[in-house]
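Shown next, in structure tokens, is the structure this report addresses.
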Amino acid sequence: MEKRATTTRAVVLRLDDLSLPPRRLTVQSRLPVSHLLRALPQPLLESSSFYLTADGRPLPLSAPVASLPPSGSVQLRLRALRGGGGDGGATGAESRDCYLSMYLAKKPDKADPNEARLSRFTCCALSGEPLAAPAVADRLGNLFNKEALVEALLHKRLPKALSHIRGLKDMIPIHLHPKPDADAAGEEVRFQCPVTGLDFNGKYQFLALRKCGHVLSVKALKEVKTSACLVCHKEFDEADKMPLNGTEDEVAALRLRMEEERGKVKEKKEKKVGNGLSGSKHAAAAVMAGGAEKLENGKKGEAPSSKRFKAGDHAPAYANKEVYASIFTSSKKSDFKETYSCRSLPLGRN
């Protein structure tokens, strides 16, 4: 019996990823392409994750050698280099989506503390718009445009962080000194201290005087020790100094003072209302005492009879009581008399 002729195929196995020269092999066409790997050292294959490609396309290891393209070139590619990444090798991702999700998922940028500080001194704490006259400050030293704050109060749109602002009494009008030529130059910082010229940008501490509303730097008040405003010369106390955008300790002290002031106002109102109620209580007690006396004089179980109003008792001194009382009382039947010109009609008939 004749033996079938065995068909062979010349194959070039390229090993560029392993930095090795290509291998030229002659393999039977019916064998799978995995047979080509027998030409490589076994330890090398065990320590690496690889796959085969032909003309740039992945090639299954079970595919027959006969299915190779005419060029007969097979490329051995490594999935990951030794070291597990970070050394310029592959990351083990087999699709482009893995790379996209890795680089597109950016972490949120951290807020620049300098920008945040500048914004607190140049923008409204509620609307975020640039500060402009008329400006106000709350009792904790936050800065607002008055129009934006009033509108939020009217429509009840204040956030919870500003719940301590209950009305116009919690707003303190302030006067910011404009910086010369700041608007023309397009500068973001548009206000300064009227005494020292320091920019109102958050780098320096500023105070607002509650009685007059002028905003001065702490440096100006330290250099010129006085109890009068350096702008309008109005007298002020130490308690009238209110830090603007102060530290946590300063805000805590302002909050404590705000609660104390509200407590005093509430106590004053309660005392005033209490004095009014005490007078009404005495009047009510007198009425109750009079009612008790009437109950004692009257019969048990009967309500005291109320005194009827008599117009004659309130007649003027120069008037006749009967005539004055007739104005407020109806005529009696006995008063109707017939005459030659008028016939008296009974009451209740027309």
Side-chain angles (χ1 to χ4, degrees), residues 117-159 161-180 182-183 188-202 204-221 224 226-247 250-266 268-269:
R117 181 188 61 213
L118 179 63
S119 176
R120 294 174 63 192
F121 280 81
T122 58
C123 299
C124 173
L126 180 63
S127 64
E129 298 178 355
L131 280 175
V136 295
D138 62 5
R139 297 188 181 186
L140 302 183
N142 299 311
L143 303 176
F144 303 91
N145 288 332
K146 185 176 181 179
E147 183 178 356
L149 187 56
V150 171
E151 185 178 355
L153 281 172
L154 291 176
H155 296 88
K156 298 181 179 180
R157 296 176 181 172
L158 280 177
L162 302 177
S163 59
H164 59 277
I165 303 176
R166 302 175 183 175
L168 298 177
K169 293 183 179 180
D170 296 324
M171 302 181 192
I172 301 173
I174 59 174
H175 305 288
L176 296 170
H177 186 72
K179 186 178 180 181
D183 293 336
E188 190 172 2
V189 180
R190 298 182 296 112
F191 304 103
Q192 65 178 14
C193 175
V195 179
T196 60
L198 296 176
D199 288 344
F200 192 68
N201 57 5
Y204 311 98
Q205 293 179 331
F206 277 78
L207 299 173
L209 303 180
R210 299 179 64 175
K211 286 188 176 179
C212 62
H214 286 102
V215 177
L216 302 171
S217 64
V218 174
K219 183 178 181 181
L221 294 176
V224 183
T226 178
S227 60
C229 176
L230 300 177
V231 179
C232 65
H233 308 292
K234 188 174 183 179
E235 294 290 332
F236 65 88
D237 300 328
E238 190 67 23
D240 294 327
K241 297 180 180 179
M242 184 179 69
L244 298 178
N245 291 324
T247 61
E250 291 174 339
V251 172
L254 290 175
R255 188 181 296 276
L256 181 61
R257 186 170 68 177
M258 177 183 67
E259 298 297 336
E260 291 178 353
E261 291 176 352
R262 287 180 175 174
K264 291 179 180 179
V265 173
K266 185 177 180 181
K268 187 176 180 180
K269 287 183 179 179

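Counting from 1, the numbers follow the sequence of the chain as shown.
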Would you give me the side-chain donor-acceptor pairs under 3.5 Å for residues 126-143, sequence neighbours excluded?
unit_1	atom_1	unit_2	atom_2	d
Ser127	OG	Glu129	N	3.4
Asp138	OD1	Leu140	N	3.1
Asp138	OD1	Gly141	N	3.0
Asp138	OD1	Asn142	N	2.7
Asp138	OD2	Asn142	ND2	2.9
Asp138	OD2	His164	NE2	2.9
Arg139	NE	Asp170	OD1	3.4

When the side chains of residues 204-217 are checked against the rest of the protein, which donor-acceptor pairs come out under 3.5 Å, sequence neighbours left out?
unit_1	atom_1	unit_2	atom_2	d
Arg210	NH1	Glu261	OE2	3.3
Ser217	OG	Thr196	OG1	3.2
Ser217	OG	Ala220	N	3.3

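Between Phe236 and Lys241, the closest side-chain pair of non-hydrogen atoms falls below 4.5 Å. In this structure the side chain of Val251 never reaches within 4.5 angstrom of the side chain of Thr247, judged on heavy atoms. Using a 4.5 Å heavy-atom threshold, the side chains of Gln192 and Leu198 count as separate.
Within the model, atoms OG of Ser227 and CG of Leu221 stand 11.5 Å from one another, a figure rounded to the nearest 0.5 Å. With rounding to the nearest 0.5 angstrom, the CD atom of Glu147 is 11.0 Å from the CG atom of Leu149.
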_Run Arg262 and Arg166 through side-chain contact (heavy atoms from CB on, under 4.5 Å) and show every step you take._
CA-CA 11 Å; Arg262 287 180 175 174; Arg166 302 175 183 175; 3.2 Å; yes
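Residues forming a salt bridge (charged side-chain N to carboxylate O under 4.0 Å, His left out) with Lys179 (at least two apart in sequence, or on another chain): Glu187, Asp199. With sequence neighbours excluded, no residue satisfies side chain to side chain donor-acceptor pair (under 3.5 Å) with Arg120. Taking the side chain to side chain donor-acceptor pair (under 3.5 Å) definition, one finds that Ser163 meets it with nothing, sequence neighbours left out. Considering only residues two or more places apart in sequence or on other chains, His233 meets the side-chain contact (heavy atoms from CB on, under 4.5 Å) condition with none of them.
Scanning all heavy atoms of the two residues, the minimum distance from Ala125 to Phe144 falls at CB-CE2, 3.7 Å. What you find for Val231 and Pro194 is that their closest heavy atoms are CG2-CG, 3.8 Å.
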